[in-house]
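Numbered from 1 within each chain, the chains take letters A, B, ... in sequence-line order.
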Amino acid sequence: MPELPEVETIARGLAKRVTGDVVQSVWIGRKKQPLKSSATEITSVLEHSRIAAVHRMGKHIVFDLDHDRAGSRRAQWIVHLGMTGRLQVCDAQTETAKHTHAILTLASGREVRFIDPRRFGRLSVASAGDFDTQGVEPLEVDLEHFIPLFQGRKTPIKSALLNQKLLRGVGNIYADESLFRAGIRPRRRASTITRENFAKLHRSIQEVLKEAIALGGSSVSDYVNADGEEGFFQLEHRVYGREGEPCLVCKIPIKRIVIAGRSSHYCPKCQK
DNA sequence: ACTATTTCCTGGATGC
DNA sequence: TGCATCCAGGAAATAG
């Protein structure tokens, strides 16, 4: 399940491969589509545009497009991978994977393919500047802007961390891992957390995300980067997916509870 | 203005 | 072996 570190890794890999290439044609499957813009709209924006850059915003992969049509504004192709989405860069000869929903043919002869079995992913286009996800980038926000995000919220801190309108890019894995490192229980009401603990949490989130990016993300279920390689951060998980296993600090078994329909893992002794 | 719950979707795991 | 059931979860929609 791609969260910020996985999406960052994928975006970097894509940028290396397709920056400067030109989209010649677009195919979009007719199966009930995970589209936020219409297929016609996506096709017309993408076709004959040059990929100027690929970068990440929250959990979205953003392709900045230059159009050669005079007077047309710069545009962006935005991909959200959902749970199981993948973007593959390959030769036209490569066999089409099951659940391929969109194919961009590039001037270089290669193709960018969007594959998503569970279809929680989303494709859309926007004029440059129009796409603005709410929420702040967790790796950019400083403590003084971080704390107010949670002030007055009665919701469990875990839910608040997952709320993309506050902080964008943190998902289930990194929320659990950050809370463990900060020593805060996932069910703690956001409004009851002290300034000191917010400082710990802020630091933990940045550390966890940076370490995960350095290791190419976490490969659980079927995540692979743009090269089809797995990441290694899953080996560093201290609580996520470790229900019943001993806490790496105190040996007490890790607990799993459900918060807002999401499984949440924590150590009952190390987290208060 | 918030918060909580439900819905979407399929592959893999589990149970009988 | 086969078949039914459950579960994973991001974000939008809906309900409270």
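Look at CZ on A/F114: it is 14 Å from P on B/dC9, rounded to the nearest Å. The nearest whole Å value for the distance from the CZ atom in A/R118 to the C1' atom in B/dT7 is 15 Å. Summarising the geometry, the separation between NZ on A/K98 and P on B/dG12 is reported as 9 Å, rounded to the nearest angstrom. The distance from atom CZ of A/F120 to atom P of B/dT10 is 9 Å, rounded to the nearest whole Å.
A/L248 belongs to no multi-residue hydrophobic cluster, having no ILVMFWY side-chain contact under 4.5 Å with any other such residue. Hydrophobic clustering, defined by side-chain heavy atoms of Ile, Leu, Val, Met, Phe, Trp and Tyr closer than 4.5 Å, leaves A/I252 isolated from every other such residue. Cluster partners of A/M57, by chain and number: A/V62, A/I78, A/F131. The rule joins Ile, Leu, Val, Met, Phe, Trp and Tyr whenever side-chain heavy atoms lie under 4.5 Å apart.
Each ring pair (Phe, Tyr, Trp, His ring centres under 6.0 Å) pair with one or both residues in residues 187-209 of chain A, not counting sequence neighbours, appears once here: A/F146-A/H202, A/F150-A/F198.
Chain A approaches DNA chain C within less than 4.0 angstrom (heavy atoms of the protein), and the contacting nucleotides run 5' to 3' from C/dA8 to C/dA12.
Residues forming a side-chain contact (heavy atoms from CB on, under 4.5 Å) with A/K272 (at least two apart in sequence, or on another chain): none. Qualifying side-chain hydrogen bond (donor to acceptor under 3.5 Å, both in side chains) partners for A/Q24, counting only residues two or more places apart in sequence or in other chains: none. For A/E111, the side-chain contact (heavy atoms from CB on, under 4.5 Å) test picks out A/A92, A/I103, A/T105, A/R113, with sequence neighbours left out. Evaluation of the side-chain hydrogen bond (donor to acceptor under 3.5 Å, both in side chains) rule for A/E207 yields no partner, not counting sequence neighbours.
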Considering only nitrogen or oxygen atoms on both sides, find all protein atoms under 3.5 Å from nucleotides 1-5 of chain B and state each distance.
from, atom 1, to, atom 2, distance (Å)
B/dT3, OP1, A/K154, N, 2.9
B/dT3, OP2, A/R153, NH1, 2.7
B/dA4, OP2, A/T155, OG1, 2.9

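With salt bridges taken as basic N to acidic carboxylate O contacts below 4.0 Å, none links A/R86 and A/D116.
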For residues 231-240 of chain A, dump all side-chain donor-acceptor pairs below 3.5 Å to protein atoms at least two apart in sequence or in another chain.
from, atom 1, to, atom 2, distance (Å)
A/Q234, OE1, A/S219, N, 2.8
A/Q234, NE2, A/G231, O, 3.0
A/H237, NE2, A/S218, OG, 2.8

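The bend of the helix from B/dC2-C/dG16 to B/dC16-C/dG2, defined by the angle between the axes of its first five and last five pairs, stands at 50° to the nearest 10°.
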